[in-house]
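Notes follow the structure.
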Amino acid sequence: MEFLSTFEITKTIMSYLEELNESQRIAVENIFGPTMVIAGAGSGKTRVLTYRIAHMLKNDIDPFNILSLTFTNKAAKEMSERISKICGGQEAKNITMGTFHAVFAKILRYNSDRIGFPSNFTIYDTQDSKSLLKDIIKELNIDDKTYKPSNVLGRISSAKNNLISAQAYADNPEIQLEDKQSMRPEIGRIYRIYANRCQKAGAMDFDDLLYFTNVLLRDFPDVLHYYQQKFRYILVDEYQDTNYAQYLIVKKIAASYENICVVGDDAQSIYSFRGANIKNILNFRQDYPDYKLFKLEQNYRSTKNIVEAANSVIKKNKDQINKVVWTDNGIGQKITVLRTLTDNEEGRAITNKINTLKESIEQTYNNFAILYRTNKQSRSFEESLRKLNIPYKIYGGISFYQRKEIKDILAYFRLTTNPRDEEALKRVINYPKRAIGKTSVENIIISANKYSVSMWDVINDFDTYPADVNGPTKARIYEFVTMINSFGAELNKLDAFTLAERITKSSGILKELNDEKTKGPEEVERVQNMEELLAGIKEFVNSGEEDEIRTLADFMIDVALLTDVDQEKPDERNHVSLMTIHASKGLEFPHVFVVGLEENLFPSQMALNSRSELEEERRLFYVAVTRAMTTCTLSYAGSRFTWGQAVMCEPSRFIDEIDQQFLHFETPSRGQGRSLMGSGFQAKSGGLNKPFERQGQKLTAVKDLNQTSHNNPSNSDKIMVGTNVVHERFGKGKVTNLEHSGADQKAVIFFPHHGSKTMLLSFAKLTIVDE
DNA sequence: CCAGTACTTAGGTTG
DNA sequence: TAAGTACTGG
């Protein structure tokens, strides 16, 4: 591969160019000047980006001068591999390619001395950030009910994404007013302490990576100049999901050459909650008046039905760039809308469908994806898939690196590379148990704050930084410090695997986990996870260049920014994929099931307050549907368990918003054999093609008694005279009378605080309660 | 300091 | 429901 002649390389690229359609090809060939590519769903966007880079290399552009920012590390890896195939291996390796966070974390490490961080700074994940905030709030002795860590972190995060420092935050009257109005006037103070503590600990959170990159480029013109010269060609994928901090980084670096190409789709902007600003894409023309615009509108992924159904929904949004996505593909089947009574039945019905489809047509489970709005929805699918022995993989949720046992081990690694890391220290100073209690740790923190040093400084030198810790405990702390130092001494002598193995042994973690192994399957899994982590490190060491020793510090650089999708090994891919719609961005599957299409779930209840939020939910729905290549199934349940209580649900407005000619309605056949449940899949035409009447939803199966053991769906409760219920607004009540039956059944319900009310059962949001 | 138990309260998407 | 917290007794 690497020894292709110039002629062959040219030929390869030329033949690739011929594979592109007209608009794709023009976009690929246009490698100079500001360029914006608006790429509809499934229009070959990744392909354009990849070939564009290949085309640059073919035109003798130095790979060292190319910066390509992707949305996931996996996307970067795949692009890099494809470019290697076209242009030969070495070239592609020299391109700077990765996510914003990964790329700029590296640049920050390289220039860390400028901004007062060590080059081996730790990256705090969300958990670390929240835990630190929790401590700070506690230390300040302010109400932890009004100041919730996640809430405060959200505020700080959006401040950082808008490049507002702690000082600027406190000085900004508008922000201060906002915080006062929300009864949280202390956030500015917390922000300042938080930033300070991170700095002391030599740690950056996710937002800091972007924030400090901006600081670096703003305050050090020589650094800015260096990267402007280095990155003469910039490509940004998923531009619609960049936030202000990212936007500004790109803008600054691109300023001297303006060879910047952004690719995106405003209709797929789904990350405004983390500061993504759709205006970045809309304002591109103002930033670069002589820009060129290319639109990719032909969809190669999906059937006509799917493309047009998706179009019919997204056109309800007001904020968007004009474009028409179309396809030459076949019409395909209508989109199936599946109604089930409960969330558990939804799981069973979808699972049965997958089973049937797999047997009859498809050979592999890879072709199926179940997409949901929230991670917790995965549960019912997990259960039913497991029951039928269908292999599946849940993406996102608690990732491998967030598991407790893994975080514990990583905390030791983190301390080894950066002993000032406060969160890591707090995590393992008494794990495994070594009789260093909470009080001692608190007093160490008090001392650290008092002398404005890190916790590590205090426990290293109690003489200089006295802390209220008793003698025996001090001795145990000394032992701990000595141990960490001994790990640190080996950091550059041993490879990552050897040192990691040593740490798990010496720290006592290995023993701790092995001792607990007898307790149950969960504990066994923990040991397996630890082994997997070590195996991963071994692989990391082995994949290094010859006579290069890859150290634990090298390993730790990437770990914080890895996600599940990045981790995937190609050979373990015969499974149904379960993930949130957010996580599915950029992916495609022959058969897609979008589940939980209920009001207050999708669209999320929290998005109902403003048009812009609702439009984002709609874009999310658009993304979900356009993942599908061949078939798309939408499902919703009549009731769903939330916090251990069954809650009635209404079908999502998005189902109504689809042009009904593309839909086909269905309920799983009930009381029959499971294998028949998927029978409606072959687009039974005729009378079924009309929506269910909403009134048709009876208040049955409010309580799902067949949670795990049996699966007879008729085993459910009904409202009767005397039933206790809870109403959304009126609270607890008792049914005193029932009128009519079926669709328009009414109930007279007595509420102790509101008197008797008559309500239509099909509309009232009632929950049956015990007692 | 620790382990076991009772109680409370979750609002959602992610690098 | 489930996870995290506060409390209690050893």
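All heavy atoms count here, side chains included; hydrogens, waters and symmetry mates do not. Quick note on labels: first sequence line is chain A, next is B, and so on, each numbered from 1. Here the structure is a predicted model, which means the values were calculated and not measured.
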Of the listed nucleotides ([options]), which one gets closest to any side-chain atom of [X]?
X      : options                : value
A:K433 : B:dC2, B:dG12, B:dT13  : B:dC2
A:F206 : B:dG15, B:dT9, B:dA10  : B:dG15
A:T580 : B:dT14, B:dG12, B:dA10 : B:dT14
A:T99  : B:dC1, B:dG15, B:dG12  : B:dG15
A:R274 : B:dG12, B:dA3, B:dG15  : B:dG15
A:Q605 : B:dG11, B:dG12, B:dT13 : B:dG11
A:K148 : B:dA10, B:dG15, B:dT9  : B:dA10
A:M606 : B:dC1, B:dG11, B:dT14  : B:dG11

Using atom [atom1] of [X] as one end and atom [atom2] of [N] as the other, report the distance to the nearest whole Å.
X      : N      : atom1 : atom2 : answer
A:E613 : B:dG12 : CD    : C1'   : 11 Å
A:Y395 : B:dT13 : OH    : P     : 18 Å
A:L608 : B:dG12 : CG    : P     : 14 Å
A:L371 : B:dT14 : CG    : P     : 12 Å
A:R373 : B:dG11 : CZ    : C1'   : 11 Å
A:Y271 : B:dG12 : OH    : P     : 16 Å
A:F100 : B:dT14 : CZ    : C1'   : 15 Å
A:M579 : B:dT14 : CE    : P     : 11 Å

Validation row: A:R627, A:E588 side chains within 4.5 angstrom (heavy atoms):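 Answer no - side chains too far apart.
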Should the pair [X]-[Y] be classified as a salt bridge under the 4.0 Å nitrogen-to-oxygen rule?
X      : Y      : value
A:E382 : A:R379 : no
A:R274 : A:D241 : no
A:R640 : A:E346 : yes

Is there a stack between A:W643 and B:dA10, judged by ring centres under 5.5 Å and planes under 30°?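 Yes, A:W643 stacks on the base of B:dA10, since the ring centres sit under 5.5 Å apart and the planes are within 30°.
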Please classify the nucleic acid contact of [X] as base, sugar-phosphate, or nothing, using heavy-atom distances under 4.0 Å.
X      : answer
A:S272 : nothing
A:N430 : sugar-phosphate
A:E616 : nothing
A:T126 : base

With a cut-off of less than 4.0 Å, is there a side-chain N or O of [X] near OP1 or OP2 of [N]?
X      : N      : answer
A:T72  : B:dG15 : no
A:N151 : B:dG11 : no
A:K438 : B:dC1  : no

Within 45° of the six-membered ring axis of A:Y395 and under 6.0 Å from that ring's centre, is NZ or CZ of A:K393 located there?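 So A:K393 does make the cation-pi contact.
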Both conditions, 6.0 Å and 45 degrees, for the charged tip of A:R109 above the ring of A:F121: are they met here?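 Flagged: A:R109 positioned over aromatic ring of A:F121.
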Please figure out whether A:T473 or A:S150 has its closest DNA chain B nucleotide nearer the 5' end.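 It is A:T473 whose nearest nucleotide is closer to the 5' end.
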Residue whose closest nucleotide on DNA chain B lies nearer the 5' end, A:I436 versus A:D207: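 Comparing both residues, the 5'-ward one is A:I436.
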Taking the P atom in each of B:dT13 and C:dG4, what is the distance between them to the nearest angstrom?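 The answer is 15 Å between these two P atoms.
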Centroid separation A:F100 to A:F71 less than 6.0 Å: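 A:F100 vs A:F71: aromatic centres not under 6.0 Å.
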Suppose we call a contact any N or O donor and acceptor under 3.5 Å apart; does that hold for the side chain of A:N73 and the base of B:dG15?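 Result: no qualifying N/O pair found.
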State whether the distance check finds a donor on one side and an acceptor on the other, under 3.5 Å, for side chain A:E617 versus base B:dG12.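 For A:E617, whose side chain was compared with the base of B:dG12, there is a donor-acceptor pair (under 3.5 Å).
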